[in-house]
Amino acid sequence: MKILILNQAFYPDVVSTAQHATDLALALTDAGHEVTVICGRRAYDDPSSVFPGHQTWKGIGIERVHSTALGKDAKWRRAADFATFIATCTVRLLFLPQADVIVTLTSPPLLSFVAALAVPIKAKHLVFWSMDLNPDEAIAAGWLRENSLVARLLSPLLFHSLQKADRIIALDRFMKQRIQAKGVDETKITVIPPWSHDEYVHFDPAGRDDFRARYGLTGKFVVMYSGNHSPCHPLDTLLQAADRLATREDVVFCLVGGGSEYRKVRRGLGMRSASNVLCIPYQPIEKLSASLSAADLHVVLMGDPFVGIIHPCKVYNILAVGKPFLYIGPRESHVADILAMLPGLGYAHQHGDVDRVVDSIVRACSQRSNVATRVIAGQFSSQRLLPELVYAIEEPTGDFRSRKKPPTEERLAVQGDSSAAGLLG
């Protein structure tokens, strides 16, 4: 088949959606399909980095389009960057040959609507890979009022995209429930979580030592948040815990990544003179094992209103390196489901519960142990999940190159709405 993938970020970008879209494109190519990608020319978190406009890489045709680079300091700037990317993406799409399937991700918001409009003129089938849901996310973050004119205009566009799709990939049971609640046929929705980057991510003792030496972390107990800094992942409780532990010279908090809140977080740390908090930019994927292995306790964050809207992709790479993690978020979530499978994986608390977060960090510091995650990490490996996603994309056309039928949803998700409630303080 001829398959077209739409997403703002792709190889060699390092953000999560770029890495997962790249993995999918490679898997589809390996299955014998002809894959083209339309993405942005600028790196997602560093607009000054510009990639080639046209490239063939490992058999994948990459078409990169221009957009403005106004940055993330203001909502209007982000909106302008999104709008110009969508416009140039649409123009490029018009001049490409017809595809059998369009696979659309959700960065930027409303990209899926462009893909929906392209069917059936530019493609016969549409697969909606829902990395997040907008305008739901913008409303939950307070960027839009639920009853505002903009929200009322955007919600039908999302619904149209979902209705037009032959197959919808939801990342967890909560996202599936949210999509269903919009009136979408349940039979079109398949739950396939993202995966760990098995080729690159594993516990790396030498890389751990090098990373810790480079950033002055040798001999320290490192509490690490590695990922996107955004309102969806509020850092307030974690940073308050860091303030409480400021006198502990053996404990360091390491914030790795970027995003819309990155500069705000750095400014806040500068005003507080936080000497026990270190900010480090996104790491390239070839150094991901080293950075993740450098932590003694990882942190997974989810804002209370965002269950079913976003997905905590970072947890899978944490499982792959075998490190315990501290989850700060709502009682009912995909992370709580994972902790219910194996409570020894880490600790779970709600936002605002600083005392218990501090206690868990101190307890983890005294234990300083790895955790046995091989069995549960295998459920979220690329070897298991990528063939399922390839099958879901092939299914609307009947061209089953992968010959891999996806397992039942029950094998991918913990059932029971309150199974992890007792783990959270």
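Predicted, not measured: the structure shown is a model, and the values here were computed from it. Residues take their numbers from the sequence shown, with the count starting at 1.
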_Does Glu286, at its CD atom, have more than 12 non-hydrogen atoms belonging to other residues, nucleotides or ligands within less than 6.0 Å?_
yes
When you compare the side chains of [X] and [Y], does any donor N or O come within less than 3.5 Å of an acceptor on the partner?
X	Y	value
His349	Ser360	yes
Glu137	Asn134	yes
Asp132	Thr106	yes
Thr84	Thr68	yes

Do side-chain atoms of [X] reach the backbone of [Y] as a donor and acceptor pair under 3.5 angstrom?
X	Y	answer
Asp23	Ser382	no
Ser130	Ile169	no
Ser289	Asp204	no
Gln283	Pro281	yes
Arg42	Pro47	yes
His33	Met1	yes
Asp185	Lys188	no
Asn228	Ser230	no
Gln350	Gly329	no
Arg77	Leu70	yes

Could you state the interatomic distance from [atom1] ([X]) to [atom2] ([Y]), rounded to the nearest 0.5 Å?
X	Y	atom1	atom2	result
Leu154	Phe113	CG	CZ	10.5 Å
Lys314	Leu301	NZ	CG	7.0 Å
Leu297	Arg363	CG	CZ	11.0 Å
Asn7	Leu24	CG	CG	10.5 Å

*Between Pro324 and Leu345, is any pair of side-chain heavy atoms under 4.5 Å apart?*
no
*Could you label the plane-to-plane angle of the Phe380 and Tyr316 rings as parallel, tilted or perpendicular, counting under 30° as parallel and over 60° as perpendicular?*
tilted
*Under 30°, 30 to 60°, or over 60°: which ring-plane class applies to His334 and His311, parallel, tilted or perpendicular?*
tilted
Would you give me the side-chain donor-acceptor pairs under 3.5 Å for residues 207-214, sequence neighbours excluded?
{"residue": "Arg208", "atom": "NH1", "partner": "Ser293", "partner atom": "O", "Å": "2.8"}
{"residue": "Arg208", "atom": "NH1", "partner": "Ala295", "partner atom": "O", "Å": "3.4"}
{"residue": "Arg208", "atom": "NH2", "partner": "Asp296", "partner atom": "OD1", "Å": "3.0"}
{"residue": "Arg212", "atom": "NH1", "partner": "Ala294", "partner atom": "O", "Å": "2.6"}
{"residue": "Arg212", "atom": "NH1", "partner": "Asp296", "partner atom": "OD2", "Å": "3.3"}
{"residue": "Arg212", "atom": "NH2", "partner": "Leu217", "partner atom": "O", "Å": "3.3"}
{"residue": "Arg212", "atom": "NH2", "partner": "Lys220", "partner atom": "O", "Å": "2.3"}

*Between His298 and Tyr327, is the gap from one ring center to the other below 6.0 Å?*
no
_Test side-chain contact (heavy atoms from CB on, under 4.5 Å) on Leu110 and Phe82; report intermediate values, then the result._
CA-CA 9 Å; Leu110 301 184; Phe82 289 161; over 6 Å; no
*Salt-bridged, Asp136 to Lys182, with N to O below 4.0 Å?*
yes
*Pair listing, salt bridge (charged side-chain N to carboxylate O under 4.0 Å, His left out) test, anchored in residues 147-167, at least two apart*: Arg167-Glu395
